Colleague: 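Could you have a look at this structure, given as structure tokens, before my questions?
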Amino acid sequence: MKQNIENKYKDRLTKIMRTQLNAKNKIKAINTWAIPTLTYSFGVIQWTKTDIQAIDRLTRRTLTSNRALHPNSAIERLYLPRKQGGRGLINIEAAHNIQIHKLQTYFNTKAIHSKLHASINQADNKYTPLSAHTQVQHTDKKTFITNLAQEWSSKKLHSQFKTNLNKQHPLSTKWMEIGQLYIETEGFMYAIQDQVIPTKNYQKYISKINTGSDSCRMCKSTSETIQHITSGCPSLAQTEYLNRHNLTAKILHKYLLQKYNIKSTQEPYYKHIPEPVHENKNYKIYWDRSIITDKIITNNRPDIVTIDKIHRITTLIDIAHPLDHNIQKTIAEKIRKYTDLSEEIKMMWKMEKVLILPIIISVTGLIPSELYTEFKKHNLPIQVIIDMQKSTVLETCRIVRKVMH
């Protein structure tokens, strides 16, 4: 009986992995179509702890074989909610223990007032999992999630992303909650966040399988870590990093053109080709254009400059994708970088205000609270942040794949 149920679960799990669903829907399908083939038997069939744990391992092996889960990623994240940086898969062992405990509690409570239930309890001498002699390790769902988060935090390498995530705005997990990426891409980004991509540094100092040099295969100048590949390699700066940066900027530029009724287009952002200057009667937008000033100012080329002719307000927008732990430092640098230019523009163009808007999204998609606040202040929709976050995540995955190929 157990074998038939396991085979049915495995068959459904395999079919789900072969579908064209996005990451979130595949996990949802496992939770709502595959796992119920097991859960209906909980309380009827005697599943041992070893049996249940073996099925959980089968699930993870299937995800790994379909490139949806890196074998060295933090297992805890697989079962945490997406709002907490996880993937939302049901842990079968926890589901089993919770259900058995609920059924035992039900029968024991009923037995107090019902002779039938009392007789059943008395006759059930280790015949079913509901027997009074059966002990299960019980934790409610909330406690289970809390324990998982604590286990994730206790891991020296994997917990670094969790630490950085806790410091940023809740929107940082929005791309995970939406789950629109392919499950392979999502699993790859989780591996990048967990720092388990087999870079030369990882192989030498973590896996202990590389005894040679750990120098970057691209620039040859420093140790090849995942942080170096995603944001620190000079050989990628003017090509891959610039392309990631420009794609993010194009999302905002395209929106601003529509918002100010300068130009409306249905083309996707990656096909959008900005012109140096866009203008109508009320607004003007510069794209990657140097601002000529009376005195020499080194930092005079923001990514986007918007000019409100009616209210005499200029906004200097600059975009960056730093490492997770450098977000606050980058925000401060951007503001300091354009302070002189903002003062010069205010005087030259006779503006009422000159605002500096640093748009900082980390290479793994973390969003600082300051960005959320600034978008609200400038009356920009949060959806634009989410679109830029998704673009950043996709481009980071592409860069890492290209380098590691």
Side-chain angles (χ1 to χ4, degrees), residues 168-181 241-289 291 301-322 327 330-331 334-335 338 342 345 351 353-396 398:
Q168 309 306 330
H169 194 272
L171 275 178
S172 296
T173 61
K174 198 63 181 181
W175 72 270
M176 306 177 195
E177 295 173 49
I178 296 173
Q180 291 179 337
L181 306 184
Y241 301 162
L242 181 61
N243 181 64
R244 177 177 60 193
H245 166 276
N246 287 345
L247 284 173
T248 306
K250 284 179 180 180
I251 294 173
L252 180 59
H253 187 267
K254 184 171 178 285
Y255 170 76
L256 292 173
L257 292 179
Q258 295 174 338
K259 178 184 178 181
Y260 297 143
N261 296 317
I262 297 174
K263 181 181 178 182
S264 181
T265 176
Q266 298 301 316
E267 66 183 359
Y269 70 91
Y270 49 85
K271 291 185 178 180
H272 177 57
I273 302 177
E275 297 176 12
V277 182
H278 288 275
E279 186 176 10
N280 63 12
K281 184 173 65 175
N282 298 325
Y283 297 95
K284 184 186 290 187
I285 299 177
Y286 292 147
W287 167 267
D288 193 25
R289 190 170 184 265
I291 307 298
R301 193 169 183 168
D303 294 322
I304 301 172
V305 177
T306 65
I307 304 170
D308 184 340
K309 300 177 183 178
I310 305 299
H311 300 96
R312 310 299 298 169
I313 299 174
T314 295
T315 304
L316 309 179
I317 303 172
D318 210 59
I319 296 163
H321 300 302
I327 289 178
T330 306
I331 293 173
K334 291 294 183 185
I335 294 173
Y338 291 108
S342 67
I345 286 176
M351 291 283 131
K353 291 181 185 177
V354 178
L355 307 173
I356 302 172
L357 174 56
I359 296 181
I360 311 301
I361 300 175
S362 82
V363 293
T364 62
L366 295 187
I367 295 170
S369 298
E370 292 88 339
L371 181 57
Y372 178 85
T373 303
E374 288 296 323
F375 262 58
K376 287 290 187 182
K377 187 188 300 182
H378 288 82
N379 197 26
L380 296 169
I382 301 305
Q383 184 60 45
V384 175
I385 298 181
I386 297 170
D387 291 342
M388 290 191 292
Q389 179 190 47
K390 178 183 175 182
S391 173
T392 304
V393 167
L394 286 171
E395 282 302 298
T396 297
R398 185 189 64 80

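Given the structure is predicted, the values throughout are model-derived calculations rather than measurements.
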Colleague: Could you check whether any side-chain heavy atom of V393 comes within less than 4.5 Å of a side-chain heavy atom of T364, counting everything from C-beta outward?
Modeller: no
Colleague: For P170, enumerate each residue passing the side-chain contact (heavy atoms from CB on, under 4.5 Å) test, keeping only those at least two apart in sequence or located in another chain.
Modeller: none
Colleague: For K284, check salt bridge (charged side-chain N to carboxylate O under 4.0 Å, His left out) against everything at least two apart and list the hits.
Modeller: E279
Colleague: Going by heavy atoms in the side chains, are L366 and Q168 under 4.5 Å from each other?
Modeller: yes
Colleague: Under the side-chain contact (heavy atoms from CB on, under 4.5 Å) rule, collect the residues that match up with K390, sequence neighbours excluded.
Modeller: Q180, L181, L394
Colleague: Between L252 and V384, is there a side-chain heavy-atom distance shorter than 4.5 Å?
Modeller: yes
Colleague: Are any non-hydrogen side-chain atoms of I285 and I307 less than 4.5 angstrom apart?
Modeller: no
Colleague: List for me each residue that meets side-chain hydrogen bond (donor to acceptor under 3.5 Å, both in side chains) alongside H245, sequence neighbours excluded, and say none if there are none.
Modeller: D303
Colleague: Counting only heavy atoms not in I273, do more than 12 sit closer than 6.0 Å to its CD1 atom?
Modeller: no
Colleague: Run the side-chain contact (heavy atoms from CB on, under 4.5 Å) check on I291 and Y286 step by step: do they pass?
Modeller: CA-CA 9 Å; I291 307 298; Y286 292 147; 3.8 Å; yes
Colleague: The criterion is ring-ring contact (aromatic ring centres under 6.0 Å, His included); which residues satisfy it with Y283, sequence neighbours excluded?
Modeller: Y260
Colleague: Given 3.5 Å as the limit, does a donor-acceptor pair link the side chain of H321 with the main chain of I361, or not?
Modeller: yes
Colleague: Please identify each residue that fulfils side-chain contact (heavy atoms from CB on, under 4.5 Å) with N246, with sequence neighbours left out.
Modeller: L242
Colleague: Pick from I356, L355, T306: which one makes a side-chain contact (heavy atoms from CB on, under 4.5 Å) with I317?
Modeller: T306
Colleague: Side chains of T173 and E177: do they bring a donor and an acceptor to under 3.5 Å?
Modeller: yes
Colleague: For residues 366-375, pull every pair meeting salt bridge (Lys or Arg N to Asp or Glu O under 4.0 Å), keeping only residues two or more places apart or in separate chains.
Modeller: E374-K377
Colleague: Rounded to the nearest 0.5 Å, what's the gap from OG on S369 to CD1 on I331? Could you check?
Modeller: 9.0 Å
Colleague: Listed by chain and number, what are the side-chain hydrogen bond (donor to acceptor under 3.5 Å, both in side chains) partners of T396, not counting sequence neighbours?
Modeller: R244
Colleague: I need the minimum non-hydrogen distance between H253 and P274, along with the two atoms involved.
Modeller: CE1-CB, 3.5 Å
Colleague: If every non-hydrogen atom of N261 is compared with every non-hydrogen atom of N280, which pair is closest and at what distance?
Modeller: O-ND2, 3.6 Å
Colleague: Are K250 and W287 packed together at the side-chain level, in the sense that at least one heavy-atom pair is separated by less than 4.5 angstrom?
Modeller: yes
Colleague: Do P358 and T330 make a side-chain contact, defined as non-hydrogen atoms from C-beta onward lying under 4.5 Å apart?
Modeller: no
Colleague: Does K309 have more than 12 heavy atoms from other residues, nucleotides or ligands lying within 6.0 Å of its NZ?
Modeller: yes
Colleague: Is a side-chain N or O of S172 found less than 3.5 angstrom from the main chain of I367, in a donor-acceptor match?
Modeller: yes
Colleague: Rounded to the nearest 0.5 Å, how far does CE of M388 lie from OG1 of T248?
Modeller: 7.5 Å
Colleague: Applying side-chain contact (heavy atoms from CB on, under 4.5 Å), name anything that partners R398, two or more places apart in sequence or on another chain.
Modeller: E240, N243, E395, K402
Colleague: Supply the atom-to-atom distance I251 CD1 to I319 CD1, rounded to the nearest 0.5 angstrom.
Modeller: 9.0 Å
Colleague: Compare every heavy atom of I304 with every heavy atom of A249, then report the nearest pair and how far apart it is.
Modeller: O-CD1, 3.8 Å
Colleague: If every non-hydrogen atom of L371 is compared with every non-hydrogen atom of I385, which pair is closest and at what distance?
Modeller: CG-CD1, 4.0 Å
Colleague: Should the heavy atoms of other residues, nucleotides or ligands under 6.0 Å from NZ of K353 be counted, would the total exceed 12?
Modeller: no
Colleague: Just to verify, what does K334 make a salt bridge (charged side-chain N to carboxylate O under 4.0 Å, His left out) with, not counting sequence neighbours?
Modeller: D318
Colleague: Restricting to non-hydrogen atoms, name the atom on R289 and the atom on P276 that form the minimum distance, rounded to 0.1 Å.
Modeller: CD-O, 4.0 Å
Colleague: If a pair satisfies ring pair (Phe, Tyr, Trp, His ring centres under 6.0 Å) and one of its residues is in residues 355-395, list it, with sequence neighbours excluded.
Modeller: H169-Y372
Colleague: Quick one: are I382 and K174 in side-chain contact, heavy atoms under 4.5 Å?
Modeller: no
Colleague: Could you tell me which non-hydrogen atom of P302 sits nearest to which non-hydrogen atom of Y338, and how far apart they are?
Modeller: CA-OH, 3.6 Å
Colleague: Just distance, no hydrogens or angles: give the donor-acceptor pairs under 3.5 Å from side chains in residues 263-270, sequence neighbours left out.
Modeller:
unit_1, atom_1, unit_2, atom_2, d
T265, OG1, E267, N, 3.2
E267, OE2, H272, ND1, 3.1

